[in-house]
Amino acid sequence: MTTSIVVATDGSPAATAAVRWAADDAARRRSPVRIVHVVERWPYGIAAFSPADWQDAMADAGERVLTEAAKAAAERRPDIDVTTELVGGTPAEALRERAASAVELVIGNRGLGGFAEALLGSAVLRLAGHVPGAVVVVRTEEGGPRDEVVVGVDDSPECEPALGFAFEQARLRECALRALHAWQVPLHAFTPEPVRDLSGERREQQRMLADRLTPWRDRFPEVEIVSEVTYAHPVSALRDASAQADLLVVGSRGLGAVGSAVLGSVSRDVLHHARCPVAVVRS
């Protein structure tokens with residue numbers, strides 16, 4: 001399996017933060033980094049309507065963006081192998097193609113012009129659902145290390161890839177892993193009867209989380225695990241946990257706490273409001 005890292009850049013501050021994050025992770029993994037800049041096609045798709053030198057000008061600008069990005073990566077981690085690539089097309093298609101053979105794709109949460117919407121909007125969800133590795137979305141702000149990775153856990157087999165990625169990140173960073181399961185009683189469970197005692201359901205959720213983590217404890221005995229079961233909406237629980245994390249990891253599909261909603265409104269809310277980088281890992 002390849003361990004290369006692909007990172008997208010458009011020269012924006014968030015993209016530069018993504019390049020630095022990718023450089024750090026490459027150093028931890030001892031992996032090469034490929035920095036990609038996508039030059040979008042002339043919007044009308046008709047050569048006669050495009051200025052004669054438009055494509056050359058965009059290519060020249062793209063090469064300058066790549067040069068600056070490579071410089072930022074080298075300054076961050078001089079010991080890593082960095083290559084650059086200028087490619088034409090749409091960001092989502094070009095990045096999905098290149099990420100197909102990479103362990104992860106790293107992008108900024110904001111960009112220049114249409115790049116921001118292309119990445120943070122529906123394209124991120126399409127990439128997360130089709131890229132075999134992880135899609136890591138990096139915010140511009142960089143705080144100090146918090147020495148913790150957070151992973152959202154539910155009771156479905158689809159969250160296993162997210163657990164694997166999170167445990168590997170915690171091992172590489174030599175930090176603790178917080179396994180967070182957020183749950184709520186379904187609305188239809190409420191009846192006019194007296195308030196239900198949820199202690200039994202809470203114990204069941206705690207047993208589920210312990211069972212889910214057991215094989216991973218055996219595979220990663222060096223990782224300190226903090227198990228947390230909370231009665232809350234998954235977005236608010238994950239958002240709050242991200243404030244003290246270096247990375248938040250969620251799955252792309254599943255049930256319950258993280259579930260299929262991660263690629264819908266929950267995913268958008270987490271990506272917009274998390275206070276640390278977010279990795280969405282394909283199930």
Side-chain angles (χ1 to χ4, degrees), residues 1-3 5 21 24-31 103-104 128 131-136 145-184 198-262 266-267 270 274-283:
M1 177 181 177
T2 181
T3 59
I5 295 172
W21 193 97
D24 286 342
D25 209 41
R28 285 187 288 264
R29 294 177 180 274
R30 299 181 180 178
S31 301
V103 67
E104 63 192 19
V131 171
V135 176
V136 182
R146 286 114 174 203
D147 295 325
E148 184 172 276
V149 171
V150 173
V151 58
V153 184
D154 65 14
D155 60 355
S156 73
E158 285 80 7
C159 79
E160 289 294 298
L163 280 167
F165 186 85
F167 268 90
E168 180 67 9
Q169 282 288 321
R171 184 189 69 80
L172 291 169
R173 295 165 182 267
E174 299 182 341
C175 72
L177 174 66
R178 181 175 299 275
L180 174 61
H181 174 63
W183 67 286
Q184 291 180 309
L198 299 179
S199 59
E201 278 122 347
R202 183 180 296 277
R203 286 193 296 271
E204 185 61 31
Q205 300 296 333
Q206 290 170 336
R207 281 194 293 270
M208 180 280 296
L209 181 58
D211 291 344
R212 176 50 55 88
L213 294 176
T214 294
W216 293 103
R217 291 181 187 273
D218 296 338
R219 291 176 60 181
F220 293 87
E222 67 273 48
V223 174
E224 175 189 353
I225 304 172
V226 179
S227 300
E228 180 178 353
V229 174
T230 181
Y231 186 78
H233 191 280
V235 170
S236 60
L238 293 170
R239 180 196 62 217
D240 292 346
S242 72
Q244 300 302 320
D246 294 310
L247 179 67
L248 171 61
V249 184
V250 294
S252 64
R253 290 184 179 84
L255 304 171
V258 177
S260 60
V262 163
V266 171
S267 179
V270 168
R275 299 166 191 174
C276 69
V278 178
V280 181
V281 185
R282 179 184 178 183
S283 59

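None of the values given here were measured: they were computed from a predicted structure.
Atom CZ of Arg219 is separated from atom CG of Leu213 by 12.5 Å, given to the nearest 0.5 angstrom. Considering CD of Glu222 and CZ of Arg217, their distance stands at 13.0 Å, rounded to 0.5 Å. Rounding to the nearest 0.5 angstrom, the gap separating the CG atom in Leu248 from the CZ atom in Arg239 is 12.0 Å. Within the model, atoms CG of Leu163 and CG of Leu177 stand 8.0 Å from one another, a figure rounded to the nearest 0.5 Å. The distance from the OG atom of Ser31 to the CD1 atom of Ile5 is 5.0 Å, given to the nearest 0.5 Å. With values rounded to the nearest 0.5 angstrom, Arg203 atom CZ is found 12.0 Å from Gln205 atom CD.
Pairs passing the salt bridge (Lys or Arg N to Asp or Glu O under 4.0 Å) check and including a residue from residues 165-179, sequence neighbours excluded, read Glu148-Arg178, Glu168-Arg171, Arg178-Glu228.
Here the closest non-hydrogen pair linking Ala241 and Leu180 is CB-CD2, 4.0 Å. Heavy-atom minimum distance, Ala243 versus Arg275: CB-NH1, 3.5 Å.
In terms of the side-chain contact (heavy atoms from CB on, under 4.5 Å) criterion, Pro221 has no residue partners (sequence neighbours excluded). For Arg212, the salt bridge (Lys or Arg N to Asp or Glu O under 4.0 Å) partners are Glu160, not counting sequence neighbours. Take Arg28 and apply the salt bridge (Lys or Arg N to Asp or Glu O under 4.0 Å) test, not counting sequence neighbours, and it matches Asp25. In this structure Thr230 satisfies the side-chain hydrogen bond (donor to acceptor under 3.5 Å, both in side chains) test with no other residue, sequence neighbours excluded. Scanning for side-chain hydrogen bond (donor to acceptor under 3.5 Å, both in side chains) contacts around Glu204 gives Arg207, with sequence neighbours left out.
Considering only heavy atoms from C-beta on, Cys175 comes within 4.5 Å of Val149 through its side chain. With a 4.5 Å cut-off on side-chain heavy atoms, Val136 and Val278 do not count as touching. Side chains of Phe167 and Ile225 form a contact here, defined as non-hydrogen atoms less than 4.5 Å apart.
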Stepwise, does the side chain to side chain contact (heavy atoms under 4.5 Å, CB included) test hold for Tyr231 with Glu201?
-> CA-CA 10 Å; Tyr231 186 78; Glu201 278 122 347; over 6 Å; no

Dump the intermediate steps for side chain to side chain contact (heavy atoms under 4.5 Å, CB included) on Val150 and Leu247, then the final yes or no.
-> CA-CA 6 Å; Val150 173; Leu247 179 67; over 6 Å; no

